[in-house]
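Just so we're on the same page: letters track the sequence lines, and every chain starts at 1.
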Amino acid sequence: MLTLSRKLSTTRSSSTSIASVSPQIFNPVSQIEQKRKILEHRINFVLDDCKTVTQIKQVHGHLLRRGLGQSCYVVTKLIRILTKLDVPMDTYPRLVFEQVKYPNPFLWTAMIRGYAQQGPLSQAIVLYDCMRRAGTGPVSFTFSALFKACGAALDVNLGRQIHAQTILIGGFASDLYVGNTMIGMYVKCGFLECGRKVFDEMPNRDVISWTELIVAYAKSGDMDLARDLFDGLPVKDMVAWTAMVTGYAQNAQPREALDMFERMQNVGVQTDDITLVGVISACAQLGASQYANWVRDVAERSGFGPSENVVVGSAMIDMYSKCGSVVDAYKVFEGMNERNIFSYSSMIVGFAIHGRAHAAIQLFHDMLKTDIEPNHVTFIGVLTACSHVGLVDQGRHLFATMEKYYGVAPSADHYTCMVDLLGRAGHLEEALELIETMPMEPSVGVWGALLGACRIHRNPDIAQLAANHLFELEPNDIGNYIVLSNIYAMAGRLDDVSRVRKLMRGKGLRKNPGYSWIEAEKGQIHEFFAGDTTHRMSIEIKQALEDLLVRLKARGYQPDLNSVAYDVSDEEKKRILMTHSEKLALAYGLVSTNAGCTIRIMKNLRICDDCHAFMCGASQITAREMVIRDNMRFHHFHDGMCSCGNFW
DNA sequence: GTTGCCATCC
């Protein structure tokens, strides 16, 4: 770097003569100029075609022999191509640069950009200083490059200094490109307010300035502000619309995302693969299979079908599996021309949440035969698969070897999977031991998995231990108090039950509202809250449930009163159970759809014991297939049985 | 010659 600086500073003395040695810049378009243009165009063409450094060197050698190899234009182009190929700036690029006697601002900037991209950022700044000392004024492109680099390096202090420079030098603070990249720099560094200030003070703004802020607000979780900006945007293009669709999808507002996309289509804006990925993710969250099929049609028609686009395809695997159809997910997977780690992981996770453990593990082994390497999500998938089916040894083995064989160090999430696996299988002591030997601080997830296992295996002592940790880590989460009091209730420890309930009341905690939703005809989504009587078919729903209850009771079904956490009479408990949101959704499904049609229900919380038993019975009595997605996994109810084998 | 939107797990 020292040599470079020295070399660079020697150009200072000669820099004053740049204008005098390039007279043609100030001439009208001459014949020579035209010839030069044609030549540059050809050089561009040839260099753009180069795929390797060797090829570039050959072309450069050729140009040197023709006396063209040291022109700013050619060298700038060379540096840009070399940067794209990620050739270290200190090697060949610097060598070529040093051969140029009078670098122009674009050449300097190409070098600065190269150093900025490869880091460390300080080298780019050294170069910038050299350029200034050489008497060369920066161009807007220079600042764009620097702001982009600061954004990538999350170095807001440096960004601020360069911001000051743009004001100091004059003329640049009002430049559109400079402003836009400056907004980008601030928002990437997390200084949204500063980005907004730049935006507000910009004399000229374009759709890119707007989109940058919309995305920033969306990423910060504030879709209302994003929406305000978007509504005020005079000319909305595809990227801006996509930013809104994706923003809603990322903020768990899938219905708003789908509304946005429909509006976008109505306005006649084009759709690209990135838009589709946002829409697909919204469908996955909603679990709406009719929407899913519609989106697939749109994707195929726009030329971004799952078979030709690996990102769209991977997103669709996830979508179909979360819509309850692991079969459709696998069809997409099979039909893909190219697959990557996302495709495999999504499919493995898909099999796992549908309880198809062996398919998940088989696919994992198929993947190992390709050159795609598993990542942490892949292991979450296979471990979850083992856990849902009780493949303890298989899971232990994978967990023990994941780092050694596959280079994936277990994270807290993987420990959570293991605690879940061991705990569900009844190895509560072993699960506890694993937590105690974790190399990181045990997370909420880990203790939560242990507490859940204690519920299944009715172990109040370990439950108490797990719950105490949870009360410390998330004192305001009511779920933990409810589970613990249920476990005490099942063990007949009524004093402990009232103690926990008192604790709960003392904190003024309220239960997280449970809700379920179901897709009806024409893709409409019907939402039901627990105890909901607002649906227009409420009377029919109630009637259908009562009929079902009578028939189920005749076959021995008894309401599971432990599933109600409140201090109320048994009669009241029975009433509460009958208004659980998934039962309401089921009844609506039964009265509104044809026989032979699978009823698909989505739910925000975990399905309770009583509802699970109720669904099993209902599937037999009504001879209907039901698929319920709770916040953990899928349950496929068929002829009185559930695919989870009552193990969840 | 530069700037904005991308999927699996959590």
Side-chain angles (χ1 to χ4, degrees), chain A residues 40 44 72-73 76-77 79-80 83 104-110 112-113 116 139-149 151 175-185 187-188 195 205-216 218-219 233 236-247 249-250 264 271-282 284 304 306 309-319 321-322 329 333 339-350 352-353 374-384 408 411-414 416-417 443-445:
Chain A
E40 282 179 353
N44 241 336
C72 280
Y73 187 88
T76 304
K77 183 76 197 170
I79 306 269
R80 291 173 54 76
T83 306
N104 70 11
F106 290 108
L107 177 50
W108 277 106
T109 301
I112 291 171
R113 197 169 83 132
V139 288
S140 60
F141 179 28
T142 319
F143 289 117
S144 305
L146 287 171
F147 284 133
K148 193 168 184 182
D175 184 274
L176 181 61
Y177 284 119
V178 172
N180 280 350
T181 45
M182 201 158 18
I183 295 176
M185 180 273 295
V187 301
K188 280 190 193 78
R205 295 182 284 220
D206 66 0
V207 64
I208 294 180
S209 336
W210 251 279
T211 310
E212 267 174 329
L213 272 186
I214 289 171
V215 170
K219 294 234 157 97
L233 175 54
K236 304 167 169 66
D237 69 358
M238 181 181 73
V239 179
W241 278 99
T242 302
M244 286 303 291
V245 172
T246 306
Q250 288 169 341
M264 176 179 175
T271 291
D272 72 356
D273 49 343
I274 300 174
T275 321
L276 287 167
V277 166
V279 184
I280 293 167
S281 152
F304 298 104
N309 187 304
V310 66
V311 182
V312 168
S314 304
M316 268 191 192
I317 292 170
D318 177 56
M319 172 184 79
S321 82
K322 290 202 175 128
F333 179 82
R339 299 182 192 122
N340 62 16
I341 186 63
F342 285 93
S343 333
Y344 275 95
S345 300
S346 299
M347 196 64 242
I348 289 169
V349 170
I353 60 177
N375 64 15
H376 72 116
V377 182
T378 325
F379 279 101
I380 285 171
V382 277
L383 291 175
T384 308
V408 182
S411 69
D413 292 334
H414 297 109
T416 301
C417 291
S443 61
V444 167

Nucleotide nearest [X] when distance is taken to its side chain, options [options]:
X	options	value
A:Val239	B:dA7, B:dT3, B:dG4	B:dG4
A:Arg80	B:dT8, B:dG4, B:dG1	B:dG1
A:His376	B:dC9, B:dT2, B:dC5	B:dC9
A:Lys148	B:dT3, B:dA7, B:dT8	B:dT3
A:Asp318	B:dT3, B:dT8, B:dC5	B:dT8
A:Lys322	B:dT8, B:dG4, B:dC6	B:dT8

Please state how far atom [atom1] in [X] lies from atom [atom2] in [N], giving the value in whole angstrom units.
X	N	atom1	atom2	answer
A:Asp272	B:dC6	CG	C1'	9 Å
A:Ile380	B:dC10	CD1	C1'	7 Å
A:Asn180	B:dT3	CG	C1'	5 Å
A:Ile183	B:dG4	CD1	C1'	10 Å
A:Arg339	B:dA7	CZ	P	21 Å
A:Phe342	B:dT8	CZ	C1'	6 Å
A:Leu276	B:dC5	CG	P	17 Å
A:Met185	B:dG4	CE	C1'	16 Å

Roughly how far, to the nearest 0.5 Å, is the CD1 atom of A:Ile183 from the CZ atom of A:Arg205?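 Between A:Arg205 CZ and A:Ile183 CD1, I get 8.5 Å after rounding to 0.5 Å.
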Looking only at N and O atoms, is any donor in the side chain of [X] or the base of [N] less than 3.5 Å from an acceptor on the other one?
X	N	answer
A:Asp206	B:dG4	no
A:Ser144	B:dT2	yes
A:Ser345	B:dT8	yes

Determine the contact category for [X]: base if any of its heavy atoms lies under 4.0 Å from a base atom, sugar-phosphate if only primed atoms, P, OP1 or OP2 are that close, otherwise nothing.
X	answer
A:Ser314	base
A:Thr384	nothing
A:Val207	base
A:Val377	base
A:Asp273	nothing
A:Ser140	base
A:Val311	base

Flag the pair A:Tyr344 / A:Phe333 as yes when their ring centroid distance falls below 6.0 Å, and as no otherwise.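 Ring-ring flag for A:Tyr344/A:Phe333: true, centres closer than 6.0 Å.
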Would you say [X]'s side chain and [Y]'s backbone share a donor-acceptor pair under 3.5 angstrom?
X	Y	answer
A:Thr275	A:Thr271	no
A:Thr83	A:Ile79	yes
A:His414	A:His376	yes

Intermediate values then yes/no, side-chain contact (heavy atoms from CB on, under 4.5 Å), A:Ile341 and A:Thr378: CA-CA 8 Å; A:Ile341 186 63; A:Thr378 325; 3.5 Å; yes
Short side-chain N/O contact from A:Gln250 to OP1 or OP2 of B:dC5, under 4.0 Å: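 For B:dC5, neither OP1 nor OP2 has a side-chain N or O of A:Gln250 closer than 4.0 Å.
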Does B:dC5 have OP1 or OP2 under 4.0 Å away from a side-chain N or O of A:Lys236?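 For A:Lys236, the contact criterion (side-chain N or O under 4.0 Å from OP1 or OP2 of B:dC5) is not met.
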Locate the shortest heavy-atom distance separating A:Thr416 from A:Ser443; write the atom from each residue and the value.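 Answer, listing the atom of A:Thr416 first, then A:Ser443: OG1-OG, 4.0 Å.
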According to a cutoff of under 5.5 Å between the ring centres and under 30° between the ring planes, does A:Phe106 stack with the base of B:dG1?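 The ring of A:Phe106 is stacked on B:dG1.
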